[in-house]
Every structure is written in C-alpha cells, then in structure tokens.
Amino acid sequence: MIDLKALRENPRHYKDGASRKGMAVEIDRLLQLDEQKRAAQTRREQLRAEQTRLEKDLGPQLGKLQGDLKKATDAAERAQLQQRIEQLRAAPASLKGQAAELEAVEKRLEPEIAAILLTIPLPPDPDVPVGSSAEQNVERERWDPPGFDASVPFAEQRGFAPRGHAELCRRLGLVDFPRGVKLSGARSYVLTGRGMLLHQAILRYALDTMVHGHGFAAMSAPVLVREEAMVGTGFFPAGREQAYHIPESARGGGSDLFLTGTGEVGLMGLHADEILDEADLPLRYVTVSTCFRREAGAAGKDTAGLYRVHVFDKVEQVVICRADQAESRAWHARMIGYVQGLLRSLGLPHRLLQCCTGDLGVKNADMIDVECWMPGRAVEGAPASGYGETHSASRLYDYQCRRLNTRYRPGGDAGKGPTSFCHSLNNTVAASPRLMIPILEMHQQADGTVRVPEPLRPYMGGIETIG
RNA sequence: GGAGAGGUGGCCGAGAGGCUGAAGGCGACGGUUUGCUAAACCGUUAUACGGGGUACGCCCUGUAUCGGGGGUUCGAAUCCCCCCCUCUCCGCCA
C-alpha cells in the first residue's frame, strides 16, 4: 500500500508510476473522495468538541433542575421546569444529530477509499527500464558452467539430442503423471522413488545453504491463511483468482481461508501488526512450504511436464530491514547472489533478467528474475527460448509492510519515539519440481541416465547417477 | 463438540455512570547524588487520524481508542445486546 499522505502531496509521482507499470488507476477519484472525507471529519470533530463542552456545564444544571422538578408541586412550576430541561437537552442533541450525519458520510466514503488505495501500485524505481511486457525485460548477466555454452545447441556440445524432462522422468520412473491426473486433474503429478528423493534433496540443500551458509532463520509458515494475510502481502485483491479459496464461513466457521501460492505470505504475515525492535533488524527468514496456484488464465500454457503445476514446494527467502533505500538495494543484490551461488554449485546455466516496468506487480519497485537453461525447452535456432523462469527477486520498499502494519523503532513495542514501516524483500531459493527440469535436462547423459549434481548426493543416499 | 473463566496502557493491576487517557506498581528513558557499580530521590513515559504551524528535529490543537460492533443516556472503561479472541476441564482426533 502506498502512503496516502504522500499521494496527496505528489499525485504525479504515483500517476507516472502506474502508467509506467501499464496499470489503470483511479487516483483522481481517490483524492476527491479523500478530500470529502477529511472535510466531513474536520467538521464532525469540531461539532463533537462543542458538544462535549456543552455537556460539561449542562450536566450539573440538569441535575439541579431535575431535583427541583421532583420537589415541585405546583403544576405551572412543574411545566416550566420541564420545559427548561427540554431546552437544555436540545442543544447537544442537535449537535449530536449533525455529527452523526457527517459520520455517516465518512463511513460511506471509507470503504471506497480503502479499496482504491489497495490497487495503487508502488511506482517502479527510476532505474527500472520502461516497457510494457516481459518481451522488454533486459538481460543483465549470464552464467554457464565451464565447458558449456548455452547459446550453442546442446547436441553440438554433448554429442546427442537432449530429451525433455518429461520424457526423462517417465523413462527413469521419477514421476507418475497419469496417476497424478487421476487423483487431482490437470497439472498434477506424483513424484516417485528417486524423483521424490531428488525433489527433497533440492529443497533440503537449498534450505541448508540459506541457514548454514548465509545465516537465515529456518521457519515453518502456515500455507492456509486468512484473507488479511493475502491482502497484507499484496497478493489480494489483484491476484485473487490465483488463490485456492476455502469458504469456511459458509460452513459456519469463523473466517474463510486461502492456500498460499508462496511461503512469502506466511513469512511476512508473521510480523503483521507488530512493532519490531530496530536492533533485531534485519530479519532474515527462510522457509520451505507447499505452494498452491490455480493458474487461472494459463489454460493451454505449459501443460506438459513439471513446469507449470498447481502444487509445488518452494524454499523462499525473505528479508525485513530498516526503511533505508540503500539497505534494501544491498539486500536485493545479496539475495540474488545467494541464488547464483546455488545454481553454480548445481552446474546450471542461468541468466538474470531485469524485469521492465510493465512486468512488475503492484507491490514491487524492482524485480529481477532468474531463468535457468532448460535444453528441452529450446526451440531450434532460438537459444534464448531455452531459458525458463525459476526465481524471482522482489524489492518492495515499505509497500508490503505498510499493508501488513509491520513497523519498527528502537526498543520495539515498548520503545519510545516514532515508528517506521519496515522494508521487505523476497526471493526464491529453489522451487521444485520446476528446478528439477534444468537439473535433469542439463545433467542427462547419452545413455539416458542423469548425473546427480554433487551437492545433492549426500541428500540422496550418496548416489551419483539416476538411471 | 460439551462445561466454565476471562479480555483495561510495554507488562502487572485498580476503577463499577461525569472530576478517568485511565490510580498504584513494575519496566524503560532523562536527571540529581556517586571514585566505579548499585541503591535512593526527582522527572518523563501510548497510538492513530484530522486541522494549524515548522528552523522538516518537531511544536500547538481537536477527535478517537479500556477485545470488536451496535444500543441506553445530556454524558459509558463502567449499564444492555450481538460478535470475536484467549485460557482451563471433558470428549474426539493426527
């Protein structure tokens, strides 16, 4: 969520940001509603102050008059007293009535203001290239393992035509697609035997790297969350269609629940409505969680194999740091570096893509995607077609923490001084089975077997080859 | 699922229609004292939003907030209604 005060002061900045992201947004309408609401609020508060002042000296008077009324016996005197009481009561009552009307105005405006505010995107940073779609993303860096060149056809270098991962999985008995579909429909799969072991090895290796190599705290994160967590992390309302919805309220339960599409939701939700101690920052969390995605709107896309599935597991890293732009940027680079190190250790060619403004979501100021080379995806004559997205690193400034109401100050909750919203960042460490694709395809051998990358072997009982 | 207890500031804990943004204590912070530490003493100690000012550090001012929402009343932390949450015991279950 953006800062409404900042929007009031500089609407241009946010209009420009939205247009660079290619998002239509009702900023003028929002400002107009906000103006109306504040006018009503100011007036209402003045009336209320007046009412309280009146009541302060009216109370004793009323008490006295009511006492007199009780004692009075003469009918005329009683009537007169009665009338004075009515009079005294009339003034504050009228103020109260007016205030109530204004309050009704505010209450009518508030939901619309809040709804529009949630849709206003964080403006992209000035150094993010302007573009309208993923086509205009800019390649920033490329890495190939020694002795391999992803821009040269696989067959030329290795002496045999690569098999796609789906075929490798079937031939090696790593995945049972038909039974997955029988159980759960399209985009479902069953990892079997060494397929399951490879999947777990990837996850555990990635988790261990982050924890023991980079000092991140390992956490579990709920994957079934309330709507506030989805709104707070910025996935709702825009991405509502992507999430599985459990309508518990319709069954008499307290609140509806949603299955999360990434561990980021659980990790970031952890500190919603908290005031953190500045001394504890940055918080560095890593989780491994099952991710659920409806893939609405992706019908017909990547239907075969393990690339686009409804359920997968992901190791996700999240950093919550002080509200400092330079620090945010430094963490972004570092978090990407961790992934580069991981992919190198697995011998996977990959590249970094600077996402253009049109490819950013509402919540990020900047996003770098990492794509791994998947020989099976490469189309003849177009080497870049072989890259498939495996990671995405977002820099969000305070957009997410403002929505989540995650703040910090020296001394934390019990501390003194003004609070600030934290900055947050997130990046994939490893998503599997998608990451199995480049691993299987890159490390396949002429005989149809697959060499297990060395770092994964300890997690697979020491085996060197799947075959 | 059944029965009971309870939600007040950073924490503990009073208050039972106006003088209560809320006693007292703890903690934290600032100061006095001190060779150092401790103790003692004095002081400060919420947040959000609106309006005004600003040397952009804040300052002044209004409103709201005692789990949430509604109601009674001239006036509600306090009375009434609804909801939510936490805890304890029993049952069921991984």
Side-chain angles (χ1 to χ4, degrees), chain A residues 1-10 30-70 81-111 113-114 117 220 222-229 248-257 269 271-280 290 323 398 401-422:
Chain A
M1 183 164 63
I2 58 149
D3 182 0
L4 183 53
K5 278 185 210 154
L7 176 72
R8 270 180 218 143
E9 276 160 30
N10 191 1
L30 174 60
L31 288 172
Q32 191 195 333
L33 294 171
D34 173 54
E35 182 71 48
Q36 290 172 16
K37 199 218 114 186
R38 281 182 300 137
Q41 180 181 346
T42 303
R43 183 76 193 118
R44 193 198 84 227
E45 288 179 352
Q46 286 167 351
L47 291 171
R48 178 73 184 138
E50 176 67 21
Q51 188 196 340
T52 311
R53 222 170 297 131
L54 273 175
E55 276 157 7
K56 278 242 164 83
D57 52 59
L58 229 57
Q61 288 185 53
L62 273 171
K64 185 176 174 298
L65 284 171
Q66 269 159 351
D68 290 349
L69 183 62
K70 242 179 223 165
L81 283 167
Q82 196 77 55
Q83 202 191 345
R84 286 238 39 214
I85 289 172
E86 304 283 297
Q87 271 171 3
L88 284 180
R89 282 182 178 171
S94 140
L95 289 173
K96 197 181 172 184
Q98 291 178 56
E101 278 171 40
L102 289 165
E103 197 179 354
V105 170
E106 290 171 59
K107 284 207 167 149
R108 185 169 52 75
L109 295 171
E110 266 161 17
I113 290 171
L117 192 59
S220 82
V223 295
L224 191 59
V225 302
R226 294 185 175 190
E227 186 165 4
E228 298 89 90
E248 274 302 288
S249 62
R251 306 174 63 183
S255 51
D256 282 11
L257 295 166
H271 296 294
D273 296 316
E274 289 185 17
I275 299 173
L276 304 168
D277 189 341
E278 185 170 1
D280 294 336
T290 303
D398 66 358
C401 290
R402 189 180 289 278
R403 284 183 174 231
L404 286 164
N405 195 27
T406 298
R407 295 169 293 168
Y408 72 92
R409 66 149 75 108
D413 207 19
K416 286 202 334 192
T419 57
S420 314
F421 290 105
C422 303

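Each chain gets a letter, A, B and so on, in the order its sequence line appears, and its residues count up from 1.
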OP1 or OP2 of [N] less than 4.0 angstrom from a side-chain nitrogen or oxygen of [X], does that happen here?
X: T52(A); N: G18(B); answer: no
X: K96(A); N: G75(B); answer: yes
X: R409(A); N: U47(B); answer: yes
X: R44(A); N: G50(B); answer: no
X: R407(A); N: A48(B); answer: yes
X: R48(A); N: G62(B); answer: no
X: K107(A); N: G70(B); answer: yes
X: R8(A); N: G50(B); answer: yes

Would you please test E45(A) and Q41(A) for side chain to side chain donor-acceptor pair (under 3.5 Å) and show each step?
CA-CA 6 Å; E45(A) 288 179 352; Q41(A) 180 181 346; 3.1 Å; yes
Interatomic distance, Q36(A) atom CD to E106(A) atom CD [nearest 0.5 angstrom]:
11.5 Å
In Å and rounded to the nearest 0.5 Å, what is the CG to CG distance from D273(A) to L404(A)?
8.0 Å
Does Q41(A) contact G50(B) through a side-chain donor or acceptor facing the base, at a distance under 3.5 Å?
no
[N] and [M]: how far apart are their [atom1] atoms, nearest whole angstrom?
N: U61(B); M: U54(B); atom1: C1'; answer: 15 Å
N: U32(B); M: A38(B); atom1: C1'; answer: 16 Å
N: A22(B); M: A5(B); atom1: P; answer: 33 Å
N: U78(B); M: U73(B); atom1: P; answer: 16 Å
N: C19(B); M: U65(B); atom1: P; answer: 14 Å
N: G71(B); M: A14(B); atom1: C1'; answer: 27 Å

What's the closest nucleotide to the T419(A) side chain, out of G51(B), C74(B), A48(B)?
A48(B)
Using a 6.0 Å cut-off, check whether atom CZ of R38(A) has over 12 heavy atoms from anything other than its own residue.
yes
Please determine, for G24(B), whether a Watson-Crick or G-U wobble partner exists with both distances under 3.5 Å, and give it or none.
C12(B)
Could you tell me how far apart R53(A) (CZ) and G18(B) (P) are, to the nearest whole angstrom?
22 Å
Given atom CG of L54(A) and atom P of U73(B), what is their separation to the nearest angstrom?
19 Å
Could you check whether K5(A) gets within reach of a base, just the sugar-phosphate, or nothing at all, counting any heavy atom under 4.0 Å?
sugar-phosphate
Regarding G57(B), purine or pyrimidine glycosidic angle vs 90° from 0 gives syn
R108(A) versus V105(A): any side-chain heavy-atom pair under 4.5 Å?
yes
